[in-house]
Amino acid sequence: MPKFLVDVNLPRKFSVWHSDDHVHQSDIDPTAADEAIWEYARTHGLTIITKDSDFSSRILLHGSPPKVIHLKVGNMPMKAFYSFISERWSEVIRLSNEHSLVAVYQDHLECIK
């Protein structure tokens, strides 16, 4: 059963997210609006992984669930992005278990209960 919903704007074939714990938005509805993705994640108990600030804003306004992992790393080459995420992913997941929002920056992580 999936635990995470990977936003359509993130790579689908990314080994960090290629497991039974992850479902990619393109497998559900690649054209779904943010509201529909939010509701789907809430209903199914999924944490949204995204680069979209709308989900962070929504969690600050409406609270959790769902939880959100917001990747605020800007644009970077795919190889660099993969290395960056791979090096930090276990810590991001650990923090996500304890917080409703984890914001991932290039030089630090921020969390909100």
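- Val23 is not connected to Val8 by any chain of hydrophobic side-chain contacts under 4.5 Å among Ile, Leu, Val, Met, Phe, Trp and Tyr, and they are in different clusters.
- Under the side chain to side chain donor-acceptor pair (under 3.5 Å) criterion, Thr50 pairs with Asp7, sequence neighbours left out.
- In summary, the side chains of Ser83 and Glu87 do not present any donor paired with an acceptor at a separation below 3.5 Å, with no hydrogens or angles considered.
- Taking both residues in full, the closest heavy atoms of Ser86 and Val16 are given as OG-CG2, 3.4 Å, listed atom of the first, atom of the second, then distance.
- Between Phe14 and Phe81, the two ring planes are parallel [angle under 30°; tilted spans 30° to 60°].
- Here CG of Leu95 is found 9.5 Å from OG of Ser90. Values are rounded to the nearest 0.5 Å.
- Surrounding CG of Asn75 are at most 12 heavy atoms belonging to other residues, nucleotides or ligands under 6.0 Å away.
- Counting heavy-atom neighbours within 6.0 Å of Glu98 CD, excluding the residue itself, gives a total above 12.
- Screening residues 44-66 for salt bridge (Lys or Arg N to Asp or Glu O under 4.0 Å) gives no qualifying pairs among residues at least two apart or on separate chains.
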I'd like to know whether Thr47 forms a side chain to side chain contact (heavy atoms under 4.5 Å, CB included) with Leu5, so could you lay out the CA-CA distance, the side-chain angles of the two residues, the decisive distance to 0.1 Å, and finally the verdict.
CA-CA 6 Å; Thr47 297; Leu5 183 129; over 6 Å; no
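- In the hydrophobic clustering of ILVMFWY residues, with side-chain heavy atoms under 4.5 Å counting as a link, Val68 and Ile85 come out apart.
- Rounding to the nearest 0.5 Å gives a distance of 7.5 Å between CG of Leu71 and CD1 of Ile49.
- Between Arg94 and Glu91 there is a salt bridge, with a side-chain nitrogen of the basic residue lying less than 4.0 Å from a carboxylate oxygen of the acidic one.
- Every pair passing ring pair (Phe, Tyr, Trp, His ring centres under 6.0 Å) that includes a residue from residues 84-103 is listed here, sequence neighbours excluded: Trp17-Trp89.
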Under the side chain to side chain contact (heavy atoms under 4.5 Å, CB included) criterion, do Val6 and Gln25 qualify, and how do the steps go?
CA-CA 6 Å; Val6 181; Gln25 181 184 339; over 6 Å; no
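- In this structure a side-chain-to-backbone donor-acceptor pair under 3.5 Å is missing from Glu35 to Glu39.
- Taking all atoms of both residues into account, the shortest heavy-atom contact from Ser64 to Pro66 is OG-O, 3.2 Å.
- Annotation: the span from Phe4 atom CZ to Leu46 atom CG amounts to 9.0 Å, rounded to 0.5 Å.
- The structure places CG of Leu10 at 11.0 Å from NE2 of His22, a figure rounded to the nearest 0.5 Å.
- The cluster map of Ile, Leu, Val, Met, Phe, Trp and Tyr, joined by side-chain heavy atoms under 4.5 Å apart, puts Trp38 and Ile28 in the same cluster.
- Rounding to the nearest 0.5 Å gives a distance of 4.5 Å between CD1 of Ile93 and CD1 of Ile69.
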Taking distance alone, no hydrogens or angles, what donor-acceptor pairs closer than 3.5 Å link side-chain atoms of residues 103-113 to residues at least two apart or in another chain?
residue : atom : partner : partner atom : Å
Tyr105  : OH   : Lys72   : NZ           : 3.2
Gln106  : NE2  : Val73   : O            : 2.8
His108  : NE2  : Glu110  : OE2          : 3.0

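- Sorted by first and then second residue, the ring pair (Phe, Tyr, Trp, His ring centres under 6.0 Å) pairs with a member in residues 42-80 read Tyr40-His44; sequence neighbours excluded.
- Residue Leu61 belongs to no hydrophobic cluster, having no ILVMFWY side-chain heavy atom closer than 4.5 Å to its own.
- Looking only at side-chain heavy atoms (C-beta outward), Pro11 and Tyr82 stay at 4.5 Å or farther from each other.
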